[in-house]
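Note sheet for the following structure.
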Amino acid sequence: MKLTLGKIHIQDIVFSDETKLENGVLHVNAQEYEQMVLEDEKIATVSFDIAKPGESVRITPVKDVIEPRVKVEGPGGIFPGMIADVETVGSGRTHALSGMALVTAGPIVGFQEGIVDMSGPGADYTPFSKTLNLVMVCTPVEGIESHDYERAVRMAGFRVACSLGELGRDVEPDEIEEFETPDFVEGMNQFAGLPRVAYVQMLQSQGLLHDTYVYGVDAKRILPTILYPTESMDGAIVSGNCVSACDKNPTYIHLNNGVVRDLFAEHGKTLNFVAHIITNENVYLADKERSSNQTAKLCRMLGLDGVIVSQEGFGNPDTDLIMNCKKIEAQGVKTVIITDEYAGRDGKSQSLADADAAADAVVTGGNANQVITLPPMDKVIGTLDYVNKIAGASADTLQEDGSLVVELQVITGATNETGFNMLSAR
Amino acid sequence: MKYFVLTNNPMVQEEVAPGTKVVFKAVGFKQILEEAARYIEGGHQLLTHPLSGSVKPGETPYKSMLLANEAAETMDSASVRLISSAIAACDKFTDKSQAYNEQTLRDLQVVDLSLISGAMGSAQA
């Protein structure tokens, strides 16, 4: 399967009477998009704003971040099973509005988290301080259940992102990338002698507000399965996850998964990138056993030499991570696991809620309990009403001068476990 | 029914399906984990993860877990390991559940109810 990804470099976003993409500048008629969002009667109000890198702007609470894309050639459309029909995606040609993001924000539940600072020390910890952000702040109608409302905002975000992506259909991209995965037999012949490597991605799937969807299916209902690695680039995997801002995978990260991209960069050179295996992170312990058994079985069936396993979230998923690691290693397949750490504010506590000797190659996304002071910003998009309640904050988070004393947990993407973050030990 | 629900969430006590055995204790997050540990010591196997949900200890006061109804003669070692790590993890987080208003507490109860309902769906499948 081969996908050509055309990246259109977005230079600026401006509000305008007419929605159009011209010379790299995205013109947005906000009124038009407000109407599109308010088609869903569960959303009471919506407002659009623009946040640019370097500005004194804080966006909170952030729900999802989405890169607008459009399918230009080949089967299916972006976000299959959600927006497009369920045709298998990942081949043909896709255009992306690169360098920008649609950020959905606003309260979903009372304890919601997610801060993106566009400048200052907080900006160094989130990848989304480097994108031009079109922010969509929604509020719910009264009396609605939070999960119904989460779905409404999730779907509104995808609708707006697809409509923006459509503007790039006939634009000549600034940059072209090609990604190709041969079928198993062809790959084995073509790359004989190179280690066979797959990516095992664990998807957040614990329940309400902790969900991920694959071709529209709730990931907690799937058995582990195999994707071509390009399928996620067309939105086969989307986020429905509203908690754990630092280490959740917003839809943007599924579209631009760092592990997928890095494995493709080495594909045919130092390794043969065979497949993208997806599995879930359920609450019921027998589900965990079943899914990790199936994942290990798939690794064996594919004749793999090694896998990279990435986690999403903390605590409960640590158990899935270690089960996957142990069982895959037991099949004779080497593992490298990517996690993050909750090692306490002083960094001295046990980092993970589970461990095993088989987990001897570990990459960390950083300590989510690390404390940071975020200075006040000139402008807040969204609301600060929740900052004392969000994960990683405390009752005295909001200081008199308007600065916030928080743990890295609150910052969207800060310790992301696909490596899509800014922390490094280099 | 092969399991029972151990919870400190009043909404779970009220809303789980009739006929489901629910043991409700009006205690804090860490204390309900310690209560589970006592059942595990008595031979009951833990059926759900004690750190379910990315709402961390200290950030939610509520936790519901499924435990096997029948007690075995020996302790289940995996259950012991899970509950011990979960209790240890509680001390890493600042407890701010006292600061919540009614609506936030209700949201947290709904999330906990949803997580345990999903697990009960799996247990009955």
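In what follows, chains are A, B, ... by sequence order, proteins preceding strands, each numbered from 1. The model shown is predicted, which means the values in this text are computed figures rather than measured ones.
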Which one, B/T48, B/L46, B/L82, B/L113, leads in non-hydrogen pairs under 4.5 Å with chain A?
-> B/T48
Output for pair (B/M65 CE, A/L285 CG), nearest 0.5 Å, gives 11.5 Å
Roughly how far, to the nearest 0.5 Å, is OG of B/S85 from CG of A/L352?
-> 10.0 Å
Please list all pairs passing the salt bridge (Lys or Arg N to Asp or Glu O under 4.0 Å) test where one or both residues lie in residues 25-37 of chain B, with sequence neighbours left out.
-> B/K25-B/E35, B/K30-B/D91, B/E35-B/R38
Min side-chain heavy-atom separation A/H210-B/V111 under 4.5 Å | yes
For the residue pair B/S122 and A/D287, confirm or rule out a side-chain donor-acceptor distance under 3.5 Å.
-> yes
Go through the atoms of A/K288 and report whether side chain, backbone, both or neither lie under 4.5 Å from a heavy atom of chain B.
-> side chain
Only one of B/L115, B/I116, B/L66 forms a side-chain contact (heavy atoms from CB on, under 4.5 Å) with A/Y284, so which one is it?
-> B/L66
Scanning both residues in full, the closest heavy-atom pair of B/A119 with A/V283 reads CB-CG1, 4.1 Å
Derivation of the side chain to side chain donor-acceptor pair (under 3.5 Å) call for A/N316 and B/S52 = CA-CA 5 Å; A/N316 170 39; B/S52 57; over 6 Å; no
Which atoms of A/S205 come close to chain B, meaning under 4.5 Å heavy atom to heavy atom: side chain ones, backbone ones, both, or neither?
-> neither
Output the distance between atom OG (A/S146) and atom CZ (B/R106), rounded to the nearest 0.5 Å.
-> 7.5 Å
Between atom NE2 of A/H147 and atom CG of B/D107, what is the distance when rounded to the nearest 0.5 Å?
-> 11.5 Å
B/S84: partners by side-chain hydrogen bond (donor to acceptor under 3.5 Å, both in side chains), with sequence neighbours left out = none
Bottom line for A/E145: the part with an atom under 4.5 Å from chain B's heavy atoms is side chain
